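Quick caveat: nothing in here was measured; it's all calculated off a predicted structure.
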Amino acid sequence: MTWHILGAGSLGSLWATRLARAGVPVRLILRDPRRLAAYQAAGGLTLVDQGQARRHAIPAELPTADGPIQRLLVACKAYDAEAAVAPLLPRLSPDAELVLLQNGLGSQDAVALGAPHARCVLASSTEGAFREEDFRVVFAGQGFTWLGDPLRPGAPAWLGDLSAAGIPHAWTPDILSRLWRKLALNCAINPLTVLHDCRNGGLLEHPAEVAVLCSELVELLQRCGQPAAAENLLEDVQRVIQATAANFSSMHQDVASGRRTEISYLLGHACATAARHHVAVPHLDRLHERLKAHLRQRGLPVT
Ligand code: NAD
Ligand code: KPL
């Protein structure tokens, strides 16, 4: 069964090249004729893995191409996912499955609402990749991908393709808990690294700020039906800060490079959920406002 991959950026290319390398049929879906022409001129997708570069001539097409889509990996940013999937809806076969790789929460519901007949499998990944140039991606950090479907707990047979491709993964009945936990970690760390303009380790100098955010996040998670995601959150945040002390957070990297952030699907989603559940989170709200002001000053979107 062919994997269609929507979004030939960092993570989409990392998945596409590893699946193709394992002999799994893959097709890329590129945004428009200009990008398709650029891809064809590049001669394929290059994966740099442990210093070794290898090009994979994976076939590519436009969203308007003919042919049904049975399995779609959505590898766009959270803010692009819904609009990117929309033109593909007429091509989805009745039993189509979508794998949603977006970080944070909110974009998955938007995609699922637009594709009510498709099965939506949610993913939470700690793998790391970045684009060295267009259609050339560096595998930067070993990690793990959790997959799950909150509506249908049974694991799909295609997980075998991921094993064949050497993509470390596991199926979980609690994918929402995993996504909420990652969101909470991102909320406690990433905005502060932007506002203090520091590496993750720089937050060791701001323990009280981190602690108060964690206590509000714990209260929110408990009150919005995600108590497992709240367990030992502060200890985990402190562990991640120590373990990644030398790194810049993904949000810091986005802001430093003038790229749009996924703020609405991380801190924005946490604050909106708190408001919906009538949970007071004054420090998270204030952090959200400060972050939006910081982004506005730099001409970056606040959604
Ligand atoms: P990216 O910006 O590198 O890639 C996204 C790709 O989607 C781009 O190539 C863009 O052109 C394409 N795209 C956008 N709209 C499109 C459309 N309408 N049609 C076709 N293509 C379209 O992003 P990324 O870093 O791969 O991140 C994807 C998601 O994975 C994000 O939610 C991110 O937070 C998450 N994530 C990334 C990493 C990582 O290391 N890069 C790790 C974990 C999670
Ligand atoms: O996931 C992260 C990110 O940079 O996005 C870390 C810093 C590990 C946790 O917030």
Side-chain angles (χ1 to χ4, degrees), residues 1-49 53-103 107-108 110-118 120-121 123 129-139 161 165 254 257-262 264-265 299-301 303:
M1 185 74 67
T2 298
W3 284 75
H4 282 85
I5 312 253
L6 177 62
S10 308
L11 224 47
S13 300
L14 184 61
W15 279 58
T17 49
R18 287 180 297 178
L19 286 164
R21 192 167 70 179
V24 176
V26 177
R27 293 185 75 80
L28 301 175
I29 301 178
L30 300 176
R31 188 196 291 263
D32 55 31
R34 194 185 54 78
R35 193 144 165 83
L36 183 58
Y39 174 74
Q40 277 154 355
L45 273 185
T46 299
L47 175 67
V48 183
D49 188 0
R54 183 172 156 200
R55 191 164 64 198
H56 301 265
I58 296 169
E61 63 191 38
L62 292 172
T64 49
D66 289 331
I69 296 173
Q70 163 65 36
R71 184 166 310 130
L72 180 69
L73 179 75
V74 182
C76 309
K77 295 283 197 186
Y79 47 76
D80 281 329
E82 184 186 4
V85 170
L88 303 177
L89 295 176
R91 293 180 59 191
L92 295 183
S93 55
D95 54 351
E97 293 178 278
L98 273 53
V99 182
L100 307 179
L101 271 184
Q102 288 61 49
N103 199 15
S107 69
Q108 300 89 343
V111 170
L113 217 59
H117 303 298
C120 287
V121 170
F130 66 88
R131 261 185 296 180
E132 211 167 43
E133 56 191 62
D134 257 1
F135 308 118
R136 184 181 172 97
V137 160
V138 179
F139 191 0
D161 287 351
D254 283 342
S257 310
R259 285 191 302 259
R260 182 175 176 181
T261 68
E262 294 181 303
S264 290
Y265 305 87
L300 291 172
T303 56

Would you check, one step at a time, whether the test side chain to side chain contact (heavy atoms under 4.5 Å, CB included) holds for Ile69 with Leu88?
-> CA-CA 8 Å; Ile69 296 173; Leu88 303 177; 4.1 Å; yes

In chain order, what residues pass the side chain to side chain contact (heavy atoms under 4.5 Å, CB included) check against Glu61, with sequence neighbours excluded?
-> His4, Arg27, Ile29, Ala65, Arg91

Judged by atom type as modelled, is there a donor-acceptor pair below 3.5 Å linking the side chain of Arg136 to the main-chain atoms of Glu132?
-> no

Smallest heavy-atom separation, Ala75 atom then Leu101 atom, equals CB-CD1, 4.2 Å

Minimal non-hydrogen separation, Gly7 against Cys76, with atom names = CA-SG, 4.4 Å

With no hydrogens and no angle check, do the side chains of Ser107 and Gln102 hold a donor and an acceptor under 3.5 Å apart?
-> no

What heavy-atom pair brings Phe135 and Ala8 nearest, and what distance separates the two atoms?
-> CE2-CB, 4.4 Å

Say you draw a straight line from NE2 of His117 to CG of Leu89; how long is it, rounded to the nearest 0.5 Å?
-> 10.0 Å

Closest non-hydrogen atom pair between Ala129 and Val137, with its separation | CB-CG1, 4.0 Å

Distance from Gln70 atom CD to Met1 atom CE, nearest 0.5 Å?
-> 4.5 Å

Gap between atom CG of Leu45 and atom OG1 of Thr17 - 0.5 Å precision = 6.5 Å

Under the side chain to side chain contact (heavy atoms under 4.5 Å, CB included) test, which residues partner Asn103, sequence neighbours left out?
-> Lys182, Asn186, Glu262, Leu266

Any Leu6 side-chain heavy atom under 4.5 Å of Leu73 side chain = no

Going from OG1 on Thr46 to CG on Asp134, what distance comes out if it is rounded to the nearest 0.5 angstrom?
-> 11.5 Å

Closest non-hydrogen contact found for Ala16 with Ile58 is O-CD1, 3.7 Å

If we only count heavy atoms from C-beta on, is the Val48 to Phe139 side-chain gap below 4.5 Å?
-> no

Closest approach of Cys120 and Leu100, non-hydrogen atoms and distance?
-> CB-CD1, 4.1 Å

Salt-bridge criterion met for Arg21 and Asp49 (N-O under 4.0 Å) = yes

Do the non-hydrogen side-chain atoms of Leu28 and Tyr39 ever get within less than 4.5 Å of each other?
-> yes

Residues in side chain to side chain contact (heavy atoms under 4.5 Å, CB included) contact with Thr303, at least two apart in sequence or another chain | Arg260, Ser264

Arg259, CZ: over 12 other non-hydrogen atoms inside 6.0 angstrom = yes

Beyond-backbone contact of Leu62 with Pro33, side-chain heavy atoms, under 4.5 angstrom = yes

Can you tell me how far the CG atom of Leu11 sits from the CZ atom of Arg131, to the nearest 0.5 Å?
-> 11.5 Å

Thr2 side chain vs Val26 backbone, donor-acceptor pair below 3.5 Å | no

First locate atom OH of Tyr265, then atom NZ of Lys77, and finally report the distance between them rounded to the nearest 0.5 Å.
-> 12.5 Å

Angle class for the Trp15/Trp3 ring planes (parallel below 30°, perpendicular above 60°, tilted otherwise)?
-> tilted

